[in-house]
Colleague: 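Sharing a structure below in structure tokens format, with a few things to ask.
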Protein chains: 2
Amino acid sequence: MAGPRGVTIAEVAARAGVAASTVSYVLSGKRSISPATARRVMDAVAELGYHPHAGARSLASRRAGVVAMMLPLRDGMHLPVLMQFASGAVTEARRADQDVLLMTADEGPAGLARVAASAIVDGLILMDVEVRDPRVETLRRLGLPSVLIGFPADAEGLTCVDLDFTAAGRVCADYLVERGCRDIALLGASEAVYARRTGFAERVREGFLGGPAGRAHAEVWPCPDDAVSVQRTVKELLVARPELTGLAVHNEPAVGHVMHALADAGKRVGEDFHVVVIGPDEVAERVHPHLPSVLVPAERLAEIAVRHLMRKLDGEDVPDSTLVEPQLTTR
Amino acid sequence: MAGPRGVTIAEVAARAGVAASTVSYVLSGKRSISPATARRVMDAVAELGYHPHAGARSLASRRAGVVAMMLPLRDGMHLPVLMQFASGAVTEARRADQDVLLMTADEGPAGLARVAASAIVDGLILMDVEVRDPRVETLRRLGLPSVLIGFPADAEGLTCVDLDFTAAGRVCADYLVERGCRDIALLGASEAVYARRTGFAERVREGFLGGPAGRAHAEVWPCPDDAVSVQRTVKELLVARPELTGLAVHNEPAVGHVMHALADAGKRVGEDFHVVVIGPDEVAERVHPHLPSVLVPAERLAEIAVRHLMRKLDGEDVPDSTLVEPQLTTR
DNA sequence: TGTCGTTGTCGAAGCGCTTCGACTTTGCAG
DNA sequence: CTGCAAAGTCGAAGCGCTTCGACAACGACA
């Protein structure tokens, strides 16, 4: 249908018997148009299958209708969560008639500068922002509207969205205490994760330690994620704290191993011992018995991030910082 | 640095003391330029941090420098594989100085028409193409350069890339036979997957059944992927074929359950019984003992797909059909 | 010395769209 | 019946880039 050169606004205008500018105004709604004219234009648009040329539009209007999403591609990131995030963002962006350009974090600050200078996108979403993130400074300098997932050390003037990890830690502790546990522990993330984004891990720790507030004894144990280390850590933990009856695991790959280690130690999870996971549903459901869990609500975060970005593109104000309440799923 | 309006080619030209067209030619290399001039231009580009305005470029040159990637977002897709694919594609595209626009399959054929008509992308990569895929017809009509991952029923005139699933089935059968198994079975995908993309599942089956070629008895058992069904299916299988000593599992979520069922039945995997997985490494490594496996080489496929697309954009010929040899990883 | 390719550079003409100012109509108050 | 604002529409001027044809300048060749 669409010829090799595509349908232009001029053809639509001719068919509707109006000027090209009128077609433009009908489509954008930036000037009032009589219903009769609007109708004829819309008909012509439909009959011709007209879609504005994205390049021409962006050139003339200084709006590309595209936002960039920069994904981290380091090892250690949980891929399914990333994917959920990406798809959530695309779905939400399309709702606002925007497209999404995918970038990877290894393009770094230079990548940001590139897309900004070439005006190929109107805004940016940066995922998995670290505490000390080299992209943040560039971002600030470029002045492109942006939303970050995660909180850098200096969030001044930036829009950030994330799960409220402090609350997540607290929710886990509360859950265990409510099950009657008087001695609980948090099996933390692997060292690599801690090293990179201390903020995130720190916040879970604080929430977990602060949650019981005297109702139980709480400790935090960092833990590597290979089978052997997990087995050893759990064993040491149980020796060090023989009265322990509750465990929160904030370390996705380790969950399965933890369950084995507990079984080996004679703990019956769900009966005389309680475990709660901070991680994706699949992780909590892969083991037996299924565990209660607090997940990172990727789609939700993506939705919020995109929505905030859209509002910034429209010149509206959005909160600097948005923390999503964690949700405990019992099973 | 970059003002709100960005650096234009005119400013670069002024700084280098040449015409704008000369700058353009230096950057594109489409006409010969004296080394001295080229040098001055490149210096000006660097000093000013110039990046061509993407919209203007696409308007004038009819080339957007962007390709679209349409990802499936159905349940049942293995998310990490998708993510690997996406990141592989972006990395490879950037190598050719192209960007990647992310779309989701739920935009359907209309989405393809949209991006084609708006000239926002130069080409398309469609992931996870099904045997009867409604997008294929539209794709053909649009005439946009494209590459598919997977094979639709009528691949006439299309460029398709995929893992050679027939070979994958054969490799698994061979592996088991070489371990001395004389009676083997393939525990197939869940029904939903079969229903959707028979081609894929069929090919594994054929390869698996044809592999032994008289050296062993081979059967294929389809299998749902919840724990209970897997337990039952494995039990039935072992009753039906008491001499069975080799099993290939082409059903990611089921692998863990299969191992439990086999242990319950007293089979010692790796000793008197052999199991091989068709699926991602993590799946094969999550169980004990680690299993040999054939994976879907997502990054590899993405790389090939992008490379082929780039060549098509340059008007070169590429093979209609590319099958990637499966690789068995022993552990 | 005149002619002809080469090589390197320039100016101008768009690409298809948005947007601004101006113009024509229409409705209504005076 | 006149005057004026509001409503609806148009034409033209770019947005920043690529590309085409033209044109100097320069050797090489006859």
Side-chain angles (χ1 to χ4, degrees), chain A residues 2-42 44-45 48-66 97 114-120 122, chain B residues 2-42 44-45 48-66 97 116-120 122:
Chain A
R5 277 191 162 46
V7 181
T8 73
I9 199 172
E11 301 176 47
V12 176
R15 175 147 194 154
V18 299
S21 52
T22 301
V23 174
S24 178
Y25 286 126
V26 170
L27 260 25
S28 69
K30 294 196 178 173
R31 283 203 183 172
S32 60
I33 296 287
S34 74
T37 305
R39 184 96 180 69
R40 262 182 307 137
V41 168
M42 293 311 286
V45 165
L48 264 35
Y50 170 71
H51 288 271
H53 186 290
R57 183 201 278 266
S58 112
L59 181 56
S61 71
R62 312 188 149 279
R63 272 277 225 149
V66 180
D97 209 34
R114 179 179 68 84
V115 296
S118 67
I120 197 176
D122 302 322
Chain B
R5 280 193 158 46
V7 182
T8 72
I9 199 172
E11 302 176 47
V12 175
R15 175 147 193 153
V18 299
S21 51
T22 301
V23 174
S24 179
Y25 286 125
V26 169
L27 260 26
S28 69
K30 294 195 177 171
R31 283 201 181 172
S32 60
I33 297 286
S34 74
T37 304
R39 186 93 181 72
R40 263 184 305 139
V41 168
M42 293 312 285
V45 165
L48 265 35
Y50 170 72
H51 288 271
H53 186 290
R57 183 201 278 265
S58 114
L59 181 56
S61 71
R62 313 189 149 279
R63 272 276 223 147
V66 180
D97 209 35
S118 67
I120 197 176
D122 301 322

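In what follows, chains carry the letters A, B, and so on, assigned in the order in which the sequence lines appear, proteins first and then strands, with residues in each chain numbered from 1.
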Colleague: Tell me the interatomic distance from B:I9, atom CD1, to D:dC15, atom P, rounded to whole angstroms.
Modeller: 15 Å
Colleague: Within the structure provided, determine whether B:L27 and B:M42 are in side-chain contact (heavy-atom separation under 4.5 Å).
Modeller: yes
Colleague: How would you summarise protein contacts on nucleotides 6-12 of chain C per nucleotide, using B for base, S for sugar-phosphate only and - for none, with heavy-atom distances below 4.0 Å?
Modeller: --SBBB-
Colleague: As an exercise, state the distance from CZ of B:R31 to OG of B:S24, rounded to the nearest 0.5 Å.
Modeller: 10.0 Å
Colleague: Rounded to whole Å, please give me the gap between CG in A:L27 and P in C:dC17.
Modeller: 10 Å
Colleague: Whole angstroms only, please: what is the NE2-P distance between B:H51 and D:dG16?
Modeller: 16 Å
Colleague: Does a side-chain N or O of B:S24 approach OP1 or OP2 of D:dT18 to a distance below 4.0 Å, or not?
Modeller: yes
Colleague: Is B:V18 close to B:V23 at the side-chain level, that is, under 4.5 Å between some pair of heavy atoms?
Modeller: yes
Colleague: Does a side-chain N or O of A:K30 approach OP1 or OP2 of C:dT18 to a distance below 4.0 Å, or not?
Modeller: no
Colleague: Rounded to the nearest angstrom, tell me the gap between atom NE2 in A:H53 and atom P in C:dG14.
Modeller: 17 Å
Colleague: Round to a whole Å and report the spacing from CG of A:L59 to P of D:dC17.
Modeller: 9 Å
Colleague: Under 4.0 angstrom, heavy atoms only, what part of the nucleic acid is B:T8 near: base, sugar-phosphate, or nothing?
Modeller: sugar-phosphate
Colleague: What verdict does the side-chain contact (heavy atoms from CB on, under 4.5 Å) test give for A:H51 and A:V45, after you've listed the backbone C-alpha separation in whole Å, the side-chain angles of each residue and the deciding distance to 0.1 Å?
Modeller: CA-CA 8 Å; A:H51 288 271; A:V45 165; over 6 Å; no
Colleague: Please check the phosphate of D:dG16 (OP1 and OP2 only) for any side-chain N or O of A:R62 closer than 4.0 Å.
Modeller: yes
Colleague: Specify the closest pair of heavy atoms between B:I33 and B:A38, including all atoms of both residues, with the distance to one decimal.
Modeller: CG2-N, 3.8 Å
Colleague: So, the side chain of B:D122 versus the backbone of B:R63: is there a donor-acceptor pair under 3.5 Å, distance only?
Modeller: no
Colleague: Within this structure, what is the CD-to-C1' distance between A:E11 and C:dC17, rounded to whole angstrom?
Modeller: 14 Å
